[in-house]
Chemist: 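Below: one structure in structure tokens.
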Amino acid sequence: MADWELEKIHEQNRVNELKRKVHYEYKRLQILLGAAGSEIKSIKKNFWDDVTVNLEDAHEAAETHASIRQQSELLSERERRHKHSIEQVKLLNRLEKTPYFGRIDFIEEEEKNVEQIYIGVGSFYDEESSSFLVYDWRAPISSVYYDYSVGPAKYEAPEGIIAGTLELKRQFVIRNGEIISMFDTGITIGDELLQKVLGKQADSQMKSIVATIQKEQNTIIRNTKSRLLIVHGAAGSGKTSAALQRAAYLLYRFRDQLSSEQLLLFSPNPLFNSYVASVLPELGEANMQQTTFQQYLNQRLGDFFDIEDLFLQMEYVLSSIDDEEYEARLEGIRYKSSQTFLHEIDCLLNNLKKAGMIFKPIYFRRERILSAEEIYHYFYQLGNELSLPARMNLTVDKIRKEVRKRELEERKKPWVEEEMQYLDKGEYLKSYRKALKNEEHEFNGIDSETQYLASAIVKKRFKSLYRKINEFAFVDTESIYRTLFEVEHKKELNHWELVCKQSIHEMDQGRLFYEDATPYLYLKDQLEGFKVNTRVRYLFIDEAQDYSSFQFAFLAKLFPQCKMTILGDPNQTIVAHGEMAGGTDILTSLFTEAETEKVVLKRSYRSTKEIVEFTREVVKDGGSIEPFNRPGQKPVVFTVKDEQQYMLCLEKTIYHLQGLGFQNIALIGKTAAESEGVYKELKSKMEIKLVKKGKSEFEDGLLVIPTYLAKGIEFDAVIILNASKDRYYLERERNLFYTSCTRAMHELCLVSIGEVSPFISGLSKDLFTGVKWC
């Protein structure tokens, strides 16, 4: 028997033994879980029976308090242990099926014994041998597996740098406790393992990449020193996956100081949140907070305006080129997204320190308590040396005092007596009981009762007014923002008057353009005091190329203390204002060079070699993108004569791809309108789903989806809808076309009605297979 076969038998025997130990521990924990669950139920059920309650004097009350606290702490401790055991059971369940994926043989300097380290998704400590049989992929020594070839190696441990020699690196594919394949390699992650993983079909959710983390990805994952980490990665380079593994690593590395609630991911859309939702739980960690920038804007401004979302803005930009106000809208989008507009608002704020604030009068029952002029006069009496928010808070105090005076006066008004007469019995009794509980109030007959009821009625009516005052509703932020569009013509803009007209018209209708939302919120927060978030310690921004300079500046003020991980690809910029390179400059200016690190991921793993070679030539600076050597078919470009042939071609292509066994197939359209049109034509002929904005759950199957919702997601096969010269011809749509094509893992088909897009015709004919549909 060959040495390699004997080695494989030896490794399988180790897996079998480990599987036995894991199973035993799994069963043991299951029994303990059942007992712990019963104990927790018992503590809850008998909580007050086990507490001594005596409130006769201060000493007894203190004893009672201590007894309650002791019982509460006992319950909390039992619940924490129970939760930890549940997580351990989940890990053991995973380890029993796939105990590990890698092995390194490492010998430290000045040591004689080689240590065999097996690496998996979690650690397993064997009490019998007092050793770790499996190390968590996030453990310090595990970094050697990702960062080094056979030879000299080192890793950073809590006690310092440990240097030594890596004598063997072995990789496994283990399923249900059986070694499917194993191989030794001298490189980071052997092509054979990557081939197996990347050759699989797409799934409805992103999977963990711990078995295939590359050295450059490991640099991102284990970075704990940089306050600003910028990752520029080609489509399919694994930047999002690396960011999620980074989150898991941080939760492991700082497990006594950091919780998942202190990590926040800004993702491109709710659909993407669903797509990545399983990664952290798969690694035994709770999901971090996830939101979109649109959701944040709606939460902050949704009570005041109907806010256009980014996708509606994109629909307009992509489909309304014949609109006579189109160029003005584009100009407005770019200007309002820029640092120039940010500086203009800062200038306005500086002027408002001296004059120009606009206030609303304070009314109660249509009677004025304070006029706008009175508020204005008091505000500017406070002096220029105080900041705007400080003066605003003092103004709130002043207004509350004036309102309080009016509240006392109102108790004697006829309307109060009228309301008192119409109190039903239930309301009366409720007020009466509340009065009895009020230690400061003593009833001395009917007059005292009447006074209390009058006070309660007036207080209830004034409650909403006090709330509005505390929320700065007396500040006319909208009118202040409008002043930005009432200034003289700007030389740098060709359509300034029309930009102003469009902006004001939207606000007249109770709406805000997407490009106005962040500047408006910035102005509002600078007036009232910024609503900074100090709880979030790590902020992740994905698809960062779709954020504007203004948005980056706003986020930097919103999260002043956290560390940021910025992920994006300039080649996938598909929005009118996107500018990742320039946009992140405003962030780099806030951090020192030592606090900032930039990582560039050039290799694309998602698509086959042929698809990457095709797509990288679409973008002008795509030459640096490196395809992973996973062979496949060349992209196919179909050219049809008319709409009828177009639909037939789509049908046959779909059936062909399904016949190849692909389950996740996407028909990607330029706009939502185009996607919906194709869906209506095909839905009666096959099982197909239309993905619209607002959809929050990603599904398997045959989908029709617009480009901007497909960002960040991968599919087995992609069909680009109408890749013609009539559809894709503007230079600014080149990145949009590239982004659509790079969603494909195994097969890419493009169908064109008539002459193909110049993005295709400009490529070498060797990069694709051209087919004329007859």
Chemist: Indicate yes or no for a side-chain donor-acceptor contact from Thr596 to the backbone of Arg227 under 3.5 Å, with no hydrogens or angles considered.
Modeler: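 It does not hold such a pair.
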
Chemist: Any donor and acceptor pair, going by atom type alone, linking the side chain of Lys336 with main-chain N or O of Thr518 inside 3.5 Å?
Modeler: no

Chemist: Give me the atom names and distance for the closest heavy-atom approach of Ser675 to Pro706.
Modeler: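 Scanning both residues completely, I find the closest heavy atoms to be OG-N, 3.5 Å.
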
Chemist: Okay, side chain of Arg461, backbone of Phe364: is any donor-acceptor separation there less than 3.5 Å?
Modeler: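 No, because the side chain of Arg461 does not come within donor-acceptor range (under 3.5 Å) of the backbone of Phe364.
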
Chemist: Taking the side chain from Glu315 and the backbone from Ala672, do they hold a donor-acceptor pair closer than 3.5 Å?
Modeler: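 Answer holds: yes.
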
Chemist: Report yes or no: does Gln290 contribute a side-chain atom to a donor-acceptor pair with the main-chain N or O of Leu265 at less than 3.5 Å?
Modeler: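 Side chain of Gln290 to backbone of Leu265, a donor-acceptor pair under 3.5 Å: no, none is there.
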
Chemist: With distance as the sole test, does Tyr326 use its side chain to make a donor-acceptor pair with the main-chain N or O of Tyr316 at under 3.5 Å?
Modeler: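 Here the side-chain-to-backbone pair does not exist.
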
Chemist: For Ile369, run the side chain to side chain contact (heavy atoms under 4.5 Å, CB included) check against Lys405, Arg406, Glu374 and tell me which one passes.
Modeler: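 Single pass found, and it is Arg406.
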
Chemist: For the pair Glu497 and Lys501, find out whether any cationic side-chain nitrogen is under 4.0 Å from an anionic carboxylate oxygen.
Modeler: no

Chemist: Hey, does the side chain of Glu308 reach the backbone of Tyr514 with a donor-acceptor pair shorter than 3.5 angstrom?
Modeler: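 A pair under 3.5 Å: yes.
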
Chemist: Would Tyr522 and Gln526 count as a side-chain hydrogen bond (donor to acceptor under 3.5 Å, both in side chains) if you check the C-alpha gap in whole Å, the side-chain angles of each, and the deciding distance to 0.1 Å?
Modeler: CA-CA 6 Å; Tyr522 176 81; Gln526 290 286 48; 3.0 Å; yes

Chemist: Between Thr292 and Gln294, do the side chains contain an N or O donor and an N or O acceptor separated by less than 3.5 Å?
Modeler: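 The answer is no; no qualifying pair exists.
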
Chemist: For the residue pair Thr395 and Tyr378, what are the closest heavy atoms and their distance?
Modeler: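 Shortest heavy-atom contact: CA-CE2, 3.8 Å.
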
Chemist: Ignoring hydrogens, what is the shortest heavy-atom contact between Leu349 and Leu388? Give both atom names and the distance.
Modeler: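 Nearest pair, atom of Leu349 first, then Leu388: O-CD1, 3.6 Å.
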
Chemist: Hey, are the side chains of Leu258 and Leu263 touching, using non-hydrogen atoms and a 4.5 Å cut-off?
Modeler: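 Answer yes - side chains close enough.
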
Chemist: Of all the heavy-atom pairs spanning Pro519 and Phe341, show the shortest one and how long it is.
Modeler: CB-CE2, 3.5 Å

Chemist: Verify, without hydrogens or angle tests, whether Gln289 (side chain) and Val536 (backbone) share a donor-acceptor contact under 3.5 angstrom.
Modeler: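 Flag not set: sc Gln289 to bb Val536 has no pair under 3.5 Å.
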
Chemist: Do you know the tightest heavy-atom contact between Leu709 and Val691?
Modeler: CD1-O, 3.9 Å

Chemist: Okay, side chain of Lys711, backbone of Gln572: is any donor-acceptor separation there less than 3.5 Å?
Modeler: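 Yes.
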
Chemist: Salt bridge or not for Arg300 and Asp525, using N-O below 4.0 Å?
Modeler: yes

Chemist: Between Glu478 and Arg482 (salt bridge meaning N to carboxylate O under 4.0 Å), is one present in this structure?
Modeler: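 Salt bridge flag = yes for Arg482 with Glu478.
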
Chemist: Going through the distances and angles, do Phe359 and Ile399 end up as a side-chain contact (heavy atoms from CB on, under 4.5 Å)?
Modeler: CA-CA 12 Å; Phe359 296 106; Ile399 293 172; over 6 Å; no

Chemist: Is it the case that the ring center of Phe554 lies less than 6.0 angstrom away from the ring center of Phe530?
Modeler: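 Yes, they do, as the ring centres are separated by less than 6.0 Å.
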
Chemist: Check whether any side-chain heavy atom of Thr291 lies under 4.5 Å from a side-chain heavy atom of Gln299, and answer yes or no.
Modeler: no

Chemist: Which heavy atom of Phe272 sits nearest a heavy atom of Asp542, and at what distance?
Modeler: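 Result for this residue pair: CZ-OD2, 3.3 Å.
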
Chemist: Should Phe293 and Asp546 count as side-chain neighbours, where that means a heavy-atom distance under 4.5 Å?
Modeler: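 No; the side chains remain at least 4.5 Å from each other.
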
Chemist: Judged by modelled atom types alone, do Tyr481 and Asp516 share a side-chain donor-acceptor pair under 3.5 Å?
Modeler: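 Yes - a donor-acceptor pair under 3.5 Å links their side chains.
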
Chemist: For Phe305 and Tyr520, I'd like to know if the aromatic rings sit close, meaning centre-to-centre distance below 6.0 Å.
Modeler: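 Ring centroids of Phe305 and Tyr520 are less than 6.0 Å from each other.
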
Chemist: Flag this pair as yes if the NZ/CZ of Arg329 is under 6.0 angstrom from the six-membered ring centre of Phe513 and inside a 45 degree cone about the axis; otherwise no.
Modeler: yes

Chemist: With side-chain hydrogen bond (donor to acceptor under 3.5 Å, both in side chains) as the test, would you mind laying out the steps for Trp496 and Glu331 before giving the verdict?
Modeler: CA-CA 8 Å; Trp496 176 241; Glu331 193 172 67; over 6 Å; no

Chemist: Taking only residues two or more places apart in sequence, or in another chain, which ones meet Asn351 in a side-chain hydrogen bond (donor to acceptor under 3.5 Å, both in side chains)?
Modeler: none

Chemist: Between the main-chain N or O of Ala454 and the side-chain N or O of Arg411, is there a donor-acceptor pair closer than 3.5 Å?
Modeler: no

Chemist: Using side-chain contact (heavy atoms from CB on, under 4.5 Å) as the criterion, list what pairs up with Glu674, not counting sequence neighbours.
Modeler: Tyr646, Lys670, Thr671, Leu721, Asn722, Arg727

Chemist: What pairs of donor and acceptor atoms, side-chain ones from residues 464-474 against any protein atom, are under 3.5 angstrom apart with sequence neighbours left out?
Modeler:
from	atom 1	to	atom 2	distance (Å)
Tyr466	OH	Glu407	OE1	2.7
Asn470	OD1	Arg400	NH1	3.3
Asn470	ND2	Tyr466	O	3.4

Chemist: Please tell me whether Glu373 and His377 have a donor and an acceptor in their side chains that are separated by less than 3.5 angstrom.
Modeler: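 There is no such pair between these side chains.
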
Chemist: Using a 4.5 Å cut-off on heavy atoms from C-beta on, say whether the side chain of Thr588 contacts that of Phe552.
Modeler: no

Chemist: Counting C-beta onward and ignoring hydrogens, is there a side-chain heavy-atom pair between Asn533 and Leu539 closer than 4.5 Å?
Modeler: no

